[in-house]
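First the structure, in the form of structure tokens, and then the observations on it.
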There are 2 protein chains.
Amino acid sequence: MKRNTWQREAVREALGGNDGFVSAQTLHSELRDAGSPIGLATVYRALADLAVEGEADSLQAEGESLYRACTPGQHHHHLICRNCGLTVEIEADAVEQWAQATAAAHGFSQATHVVDVFGLCAACRLAAQGS
Amino acid sequence: MKRNTWQREAVREALGGNDGFVSAQTLHSELRDAGSPIGLATVYRALADLAVEGEADSLQAEGESLYRACTPGQHHHHLICRNCGLTVEIEADAVEQWAQATAAAHGFSQATHVVDVFGLCAACRLAAQGS
DNA sequence: TCTACTATCGATAACGAATCTCATTACCGA
DNA sequence: TCGGTAATGAGATTCGTTATCGATAGTAGA
Ligand SMILES: [Mn+2]
Ligand SMILES: [Mn+2]
Ligand SMILES: [Zn+2]
Ligand SMILES: [Zn+2]
């Protein structure tokens, strides 16, 4: 049976406290700095579980997995600032349909897709100009 | 200055000999098995160079970088069979424009995107059914 | 409430992809 | 041909992630 532990809840809350995507190691550091004695392996396990349960989204960036608490149940993608990590959830039925149609057109079934948009947010663009 | 070595050419050819995406380690094994004494670090460096020069495309899958010799100069995406690796190059101006427009609509500049479609190719679907 | 079972935890070892080091090699312009 | 130096490669190293396994604690049932 699935047990409820303060560790899982701590990870869930810490994840919700971040606006953008964060790594397991970063989250572990934050929790430790806040006084929690949680272990690193537990953070990795909790994040993997949250992702499976659909409570968190994940993406690969520069060789590491990043996680973010996202709108549950709702399939969506992300617009991410590559400088500060600011993340905007985006929906696009047109892209969803395009992906399915393209797969079907080539005889592929059980299609899934990875769609992420990276850029420099307005604040970071201004900051870069100013310097 | 950029020098031409048999190692770079060997990597380029080995990459072209594969239909789908392959990892640096796999490519290195293939080269070694074929009798080449090429070093692993050299394969990594050659693939990175090919990607920068636009002669190869890369994507992240299960924690490792995969490479594939692709149509040069032409920006495109991929439809990949998650079972056999069969890859189809796909173009979609609609998706390109959607990505740019979405980024701009949220004040993001210098937008880039990651778009990959995974599925089961017709051959693999039939093979799975038959068993 | 008290037990017993066992899911979960966590310190640490292990793993693996990728990069770095640096002595050696060999490409190529002069 | 020759010299400068880009490139190579064996091995060490980095670093994110997973596996190990004894200890801990959540929870169903008595
Ligand atoms: Mn989608
Ligand atoms: Mn594109
Ligand atoms: Zn930003
Ligand atoms: Zn296939």
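Letters go in sequence order (proteins before strands), and every chain restarts at 1.
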More 5' along DNA chain C: B:Met1 or A:Val43, using each one's nearest nucleotide? A:Val43
When you compare the side chains of B:Tyr44 and B:Gln25, does any donor N or O come within less than 3.5 Å of an acceptor on the partner? yes
Respond yes when some side-chain nitrogen or oxygen of B:Thr5 is under 4.0 Å from OP1 or OP2 of D:dA6, and no when none is. no
Between the side-chain atoms of A:Arg3 and the base atoms of C:dT6, is any donor-acceptor pair under 3.5 Å? yes
Would you name the heavy atoms of A:Cys121 and A:Cys81 that are closest together and state the gap between them? N-SG, 3.5 Å
Taking the side chain of A:Trp6 as heavy atoms from C-beta outward, which of C:dT8, C:dG10, D:dG9 is closest to it? C:dG10
Just checking A:Ser23: base, sugar-phosphate only, or nothing, at a heavy-atom cut-off of under 4.0 Å? nothing
Among the nucleotides C:dC27, D:dT17, C:dA17, which one has an atom lying closest to any side-chain atom of B:Glu64? C:dA17
Is the shortest side-chain N/O distance from A:Thr42 to OP1 or OP2 of C:dT8 below 4.0 Å? no
Of the nucleotides C:dG10, C:dA11, D:dT18, which one has an atom closest to the side chain of A:Tyr44? D:dT18
Over 60° means perpendicular and under 30° means parallel, so tell me whether B:His113 and B:His75 are parallel, tilted or perpendicular. perpendicular
If you compare every side-chain N and O of B:Ser65 against the phosphate oxygens of C:dA18 (OP1, OP2), does one of them come in below 4.0 Å? yes
Testing D:dT17, C:dG10, C:dC27 for proximity to the side chain of A:Gln7, the answer is C:dG10
Without hydrogens or angle criteria, can the side chains of A:Thr26 and A:Ser29 be said to hold a donor-acceptor pair below 3.5 Å? no
By nearest nucleotide on DNA chain C, pick out whichever of B:Asn4 and A:Arg8 is the more 5' one. A:Arg8
Less than 3.5 Å between a donor and an acceptor, one on the side chain of B:Arg45 and one on the base of D:dG9, is that the case here? yes
